[in-house]
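One structure is given below, encoded as structure tokens.
Side chains are part of it too, since the values below use all heavy atoms of this structure and drop only hydrogens, waters and symmetry mates.
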Amino acid sequence: MTDPVTASVALGTPGPPVEVDPTGDDGQPAAVPRRPRRRRLRLWIPLGVIAGYVVAGLIGPILARYDPIATSVTDRLQPPGSRLADGSLALLGTDQVGRDLLPQIMQGARVSILVGAATLLLAGVVGAAIGILCGYLGGVVDAVLMRLADIQLAFPSILLAVFVAAVLGSSVTNVVLTLSITTWPIFARVARAQTLATKSRDFANAARTLGAGSWHIVRHCVLPAVASPLMVIATVQLGFVIVAEASLSFLSLGIPPGTPSWGTTIANGRDYLASAWWIATIPGLVLALFVVCVGVLGDELRDRSDPNLSTR
């Protein structure tokens with residue numbers, strides 16, 4: 001039997017990447033397919049960091065309870081690692097009213113991740129439904145809805161989010177609705193493009209020839225093709241959604257003051273950057289690390305889902 005690497009060279013087509021194993025079973029160098037170590041690290045390191053954030057958001061507030069109205073004048077503006085009046089250790093320091101930053105950050109992780117997940121779920125379902133409807137039906141429906149999406153994409157999303165949040169008011173539900181309004185066109189455009197490419201494929205035409213209805217074709221042909229790109233887009237958009245939520249909370253237009261959020265905590269420390277830098281800096285670094293890991297994970301998932309990039 002011809003070796004696949006030799007056959008690919010003979011046919012003039014690139015074969016899979018190989019590495020030489022000097023300790024093969026027969027004592028001779030063996031060519032085996034491999035995936036670069038860097039590709040594996042790009043997947044597992046961000047996944048581990050994001051999993052740590054999720055665990056901290058779920059379990060952290062239970063272990064270290066946070067009272068938004070508690071104050072302690074003797075413990076205010078304590079640096080990281082200080083002992084408080086009750087004998088507890090403030091690993092990340094305290095804010096201007098004596099509240100420990102660590103419970104605030106863990107509670108903020110729960111709120112930010114929940115807001116991001118709910119936003120992507122709502123925007124993804126609505127955007128995917130609109131995109132599939134426009135791509136499958138076409139005509140006036142496609143023209144009207146896609147021009148609406150184009151107009152919204154041309155408008156700066158953060159300004160639109162600020163306007164909608166100012167109209168609706170500050171609450172977790174309103175933040176989810178606001179960010180969903182600004183995010184659904186991205187999912188709609190991706191779903192529409194994938195639907196246009198799928199509905200004219202041979203398997204879809206074969207199902208249509210055999211008498212399958214539109215709902216059967218959408219459910220068994222279009223939806224499986226749309227699901228994978230939308231999952232990748234959702235991973236990439238998670239970081240942008242959380243940054244947008246933090247921006248609204250920083251401007252006092254997002255999460256209410258009684259509910260801790262990364263944006264609210266950063267806003268609380270903006271007047272103390274010279275004397276108590278940790279109030280704003282540590283939550284900012286926590287937010288930046290999470291967004292970077294989500295972005296790296298999204299890029300890696302996109303590369304793995306693209307057949308033209310998966311073998312590079």
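Side chain of Thr94 to main chain of Asp75: a donor-acceptor pair is present (N/O by atom type, distance under 3.5 Å, no hydrogens or angles). Judged by distance alone, with hydrogens and angles left aside, the side-chain atoms of Thr264 form no donor-acceptor pair with the main-chain N or O of Pro260 at under 3.5 Å. Without hydrogens or angle criteria, Trp262 side chain to Gly284 main chain gives no donor-acceptor distance under 3.5 Å.
With a 4.5 Å cut-off on side-chain heavy atoms, Val286 and Phe290 do not count as touching. Under the 4.5 Å side-chain criterion, counting only non-hydrogen atoms from C-beta, Leu230 is in contact with Phe187. Counting only heavy atoms from C-beta outward, the side chains of Ile158 and Ser247 approach each other to under 4.5 Å. Side-chain contact between Thr281 and Leu285 is present, with at least one heavy-atom pair separated by less than 4.5 Å. Side-chain contact between Leu84 and Leu89 is absent, with no heavy-atom pair separated by less than 4.5 Å. Within the 4.5 Å cutoff, side-chain heavy atoms of Leu177 are placed close to those of Leu122.
Checking each of Thr173, Leu168, Leu160 against Thr178 for a side-chain contact (heavy atoms from CB on, under 4.5 Å) leaves exactly one that passes, namely Leu168.
Cluster membership for Leu289 and Val236, using ILVMFWY side-chain heavy atoms within less than 4.5 angstrom, is not shared. Ile181 and Phe240 fall into different hydrophobic clusters, where Ile, Leu, Val, Met, Phe, Trp and Tyr residues are linked whenever their side-chain heavy atoms come under 4.5 Å apart, directly or through other members. When hydrophobic clusters are built by joining Ile, Leu, Val, Met, Phe, Trp and Tyr residues whose side-chain heavy atoms come closer than 4.5 Å, directly or via intermediates, Met231 is not grouped with Ile242. Val54 and Val292 fall into different hydrophobic clusters, defined by Ile, Leu, Val, Met, Phe, Trp and Tyr side-chain heavy atoms under 4.5 Å apart, directly or through other members. By the rule that hydrophobic residues join a cluster once side-chain heavy atoms approach within less than 4.5 Å of another member, Leu196 and Val141 end up as members of separate clusters.
Under the salt bridge (Lys or Arg N to Asp or Glu O under 4.0 Å) criterion, Asp150 pairs with Arg147, Arg189, not counting sequence neighbours.
Sorted by first and then second residue, the salt bridge (charged side-chain N to carboxylate O under 4.0 Å, His left out) pairs with a member in residues 102-121 form an empty list; sequence neighbours excluded.
For Phe155, the CZ atom is densely surrounded, since the number of other residues' heavy atoms within 6.0 Å is greater than 12.
Rounding to the nearest 0.5 angstrom, the gap separating the CD1 atom in Ile255 from the OG atom in Ser261 is 5.5 Å.
Val296 and Pro46 get closest at one heavy-atom pair: CG1-CG, 3.7 Å. Nearest heavy atoms, Arg192 versus Asp142: NE-OD1, 2.7 Å. Closest non-hydrogen pair, Pro185 versus Ala149, comes out as CB-CB, 3.9 Å. Contact between Tyr272 and Leu77 at its shortest, heavy atoms only, is CD2-CD2, 4.1 Å.
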Side chain to side chain contact (heavy atoms under 4.5 Å, CB included) evaluation trace for Val164 with Leu179: CA-CA 9 Å; Val164 176; Leu179 298 178; over 6 Å; no
